[in-house]
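No experiment lies behind these values; they were computed from the predicted model shown. The sequence lines fix the lettering, A, B, ..., with proteins before strands; numbering per chain opens at 1.
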There are 4 protein chains.
Amino acid sequence: MDFQSKKAIYLQIADFVCEQILLKKWKGKEKIPSVRELAISLEVNPNTVMRTYTFLEEKNIIDMQRGIGYFVSDSAYDNIIDFKKHEFLTLDLPQIFRSMDLLHINLDHLKKLYNERTR
Amino acid sequence: MDFQSKKAIYLQIADFVCEQILLKKWKGKEKIPSVRELAISLEVNPNTVMRTYTFLEEKNIIDMQRGIGYFVSDSAYDNIIDFKKHEFLTLDLPQIFRSMDLLHINLDHLKKLYNERTR
Amino acid sequence: MDFQSKKAIYLQIADFVCEQILLKKWKGKEKIPSVRELAISLEVNPNTVMRTYTFLEEKNIIDMQRGIGYFVSDSAYDNIIDFKKHEFLTLDLPQIFRSMDLLHINLDHLKKLYNERTR
Amino acid sequence: MDFQSKKAIYLQIADFVCEQILLKKWKGKEKIPSVRELAISLEVNPNTVMRTYTFLEEKNIIDMQRGIGYFVSDSAYDNIIDFKKHEFLTLDLPQIFRSMDLLHINLDHLKKLYNERTR
DNA sequence: GTGGTCTAGACCACC
DNA sequence: GTGGTCTAGACCACA
């Protein structure tokens, strides 16, 4: 990770964690890296990771067990899908379609780009 | 306009101005609202509109004529299209496709939503 | 304020803010002290007040306006009452009644203490 | 027991032990479960139960007999009552009355809830 | 002036 | 070892 985007680092880390879960690299009920571990491996301050974990706990994506660590919550996968899908459909998509109209990009054009993309 | 999003207000206003131009509501070489007028109608601080206009002037989308006001530049329409298209294709689109993959939304689904959208 | 209790300072400050609103000292739509101001007057680090304000914003008790400051939200009073009442009835009260039973304190005794309290 | 509250687990276990004694389930001079037994039945780390027992021993609520186990102390019942009552009257009650005032809950309301409670 | 983020480092309670 | 809180100080973007 390089944190180039303008987005706050702690949110980029949150996205990273969600992605690990969506990709099933970190599965339900599994322990995730400790605050300090992740901070070292991402080369950021532990406070920043702490902020990410607190943020994700409020969203019921991870759970804390006193003195043990953080765990992927039972409903993490579904929660993330629900949350992100809702965000995508109500916030991102309307703007995408708006841009397409203004820029005169139609669906066929998009389809072509979609199939050509580097996956 | 309500400026609810987290995006900076001056950038939201810039988007608004660009949209007026793309929609040909404000055409080439036409005078656009003065800083003060726009500030009043949008209920924001004139400094904020000033910042928008300075920003757009740097991007050669509007021109200033001292003592007269701001005008849509000759090449405004093409400039906006070029800039926005480039941004859309290289920044937005890859993210969109990434989200679609993670959320298991395919092109057919997108097509359906596109055709159903409220324009 | 002296922050004697074991509760985190940022939560004690949150309680303080809620109290100002419940007591109608800070009314709806009114600007509340800036992060820095409150930090100085309470003699704590600005980060601590920031944390309080972020916490209260998530609970829809205060609103932020970019570059201007924080404001008591429209529904702050009702939100606080709802939230605190729910907490009191479902969390505090059962424990209180449990303690009373175990300690053989009955309602008449409580009533006496209630009427004698220093208000 | 599920230890959901934010209170330290060892203190929640201490409360549990005190309750057994107040309810006379564990009577004076009787042997109480060994650290290991209780740890297994509560599904916690033995260290945590150990801490509870040490804590209660300091408060003269239980006594240790080397090589034999822990016992309810002679004065346990009275000690607990005294301690908890003092805590309840000087710490909990003022807060309760304060909350009641702020939330506009009066004694009659409380009385009704008290009589309706699930015992 | 406002809020927001990040780092560095410390200290604490807990398991 | 774990998380949680707090301070101090810096830097940034925004109104």
Throw together a table of side-chain donor-acceptor distances under 3.5 angstrom for residues 61-68 of chain D, partners on residues two or more places apart or in other chains.
none

Looking only at side-chain atoms of A:R66, point me to the closest of E:dC15, F:dC14, F:dG3. E:dC15
Starting from C1' on E:dA13, measure out to NZ on C:K7 and report it in whole angstrom. 18 Å
Please list, one pair per line, the donor and acceptor atoms closer than 3.5 Å that link side chains of residues 78-91 of chain D to other protein atoms, with sequence neighbours excluded.
| unit_1 | atom_1 | unit_2 | atom_2 | d |
| --- | --- | --- | --- | --- |
| D:N79 | ND2 | D:N60 | O | 3.0 |
| D:N79 | ND2 | D:S75 | OG | 3.4 |
| D:K84 | NZ | D:D15 | OD1 | 2.9 |
| D:T90 | OG1 | D:H86 | O | 2.8 |

On DNA chain E, check which nucleotide each of A:A8 and C:Q65 is closest to and give me the residue with the more 5' one. C:Q65
Heavy-atom distance under 4.5 Å between the side chains of B:Y10 and B:N47, does that happen here? no
Close side-chain approach of C:M100 to C:F97, heavy-atom, < 4.5 Å: yes
Would you mind reading off the distance between A:L38 atom CG and F:dT2 atom C1', rounded to a whole angstrom? 15 Å
Would you mind telling me which of E:dC6, E:dC14, F:dC14 lies closest to the side-chain atoms of C:N47? E:dC6
Check: D:Q95 main-chain N/O paired with D:S99 side-chain donor or acceptor under 3.5 Å: yes
Shortest side-chain distance from C:E37, nucleotide among F:dA15, E:dT2, F:dT7: E:dT2
Atom CD1 of D:I9 and atom P of F:dG3: how far apart are they, to the nearest Å? 14 Å
Decide yes or no for B:V17 and B:W26: does some side-chain heavy atom of the first lie under 4.5 Å from some side-chain heavy atom of the second? yes
What is the separation between atom CD on A:Q12 and atom C1' on E:dC6, rounded to the nearest whole Å? 13 Å
Can you give the dot-bracket line for DNA chain E, using ( ) for pairs inside the strand, [ ] for pairs that cross earlier ones, | for pairs with another strand and . for unpaired bases, where Watson-Crick and G-U count if both distances are under 3.5 Å? ||||||||||||||.
For B:T48 and for A:G69, locate the closest nucleotide of DNA chain F by heavy-atom distance; then report the residue assigned to the nucleotide nearer the 5' terminus. A:G69
Whole angstrom is fine here: how far is it from CG in C:D63 over to P in E:dG4? 12 Å
How long is the line joining CD1 of C:I68 and C1' of F:dA13, in whole Å? 15 Å
Nucleotide nearest A:Y70 when distance is taken to its side chain, options E:dC15, F:dG3, F:dA15: F:dG3
When the side chains of residues 30-38 of chain C are checked against the rest of the protein, which donor-acceptor pairs come out under 3.5 Å, sequence neighbours left out?
| unit_1 | atom_1 | unit_2 | atom_2 | d |
| --- | --- | --- | --- | --- |
| C:S34 | OG | C:E37 | N | 3.1 |
| C:E37 | OE1 | C:S34 | N | 3.4 |

Quick check: on DNA chain E, is the nucleotide nearest D:L11 upstream (toward 5') of the one nearest C:G67, or the reverse? Name the residue that is more 5'. C:G67
Ring pair (Phe, Tyr, Trp, His ring centres under 6.0 Å): which pairs involve residues 54-79 of chain A, sequence neighbours left out? A:Y53-A:Y70
Under a 4.0 Å heavy-atom cutoff, the residues of residues 39-46 of chain B touching DNA chain F are none
B:R51 side chain: which of E:dC15, F:dA15, E:dC6 is closest? F:dA15
Taking atom CD as the centre, does A:E57 end up with more than 12 heavy-atom neighbours from other residues, nucleotides or ligands that are less than 6.0 angstrom away? yes
Would you classify A:Y53 as touching base, sugar-phosphate or nothing, given that sugar-phosphate means primed atoms plus P, OP1 and OP2, and contacts are heavy atoms under 4.0 Å? nothing
Minimum-distance nucleotide (side-chain atoms of C:M50 versus F:dG4, E:dT5, E:dC14): E:dT5
With a 4.5 Å cut-off on side-chain heavy atoms, are D:C18 and D:L56 touching? yes
Does the base of E:dG1 carry an N or O that pairs as donor and acceptor with the side chain of C:R36 under 3.5 Å? no
Just how far, in rounded Å, is P of E:dG4 from CZ of A:F55? 14 Å
Report the distance from atom NZ of D:K6 to atom C1' of F:dG4, rounded to the nearest whole Å. 11 Å
Selected nucleotide, minimal atom distance to C:Y10 side chain, candidates F:dC14, E:dC15, F:dC6: F:dC6
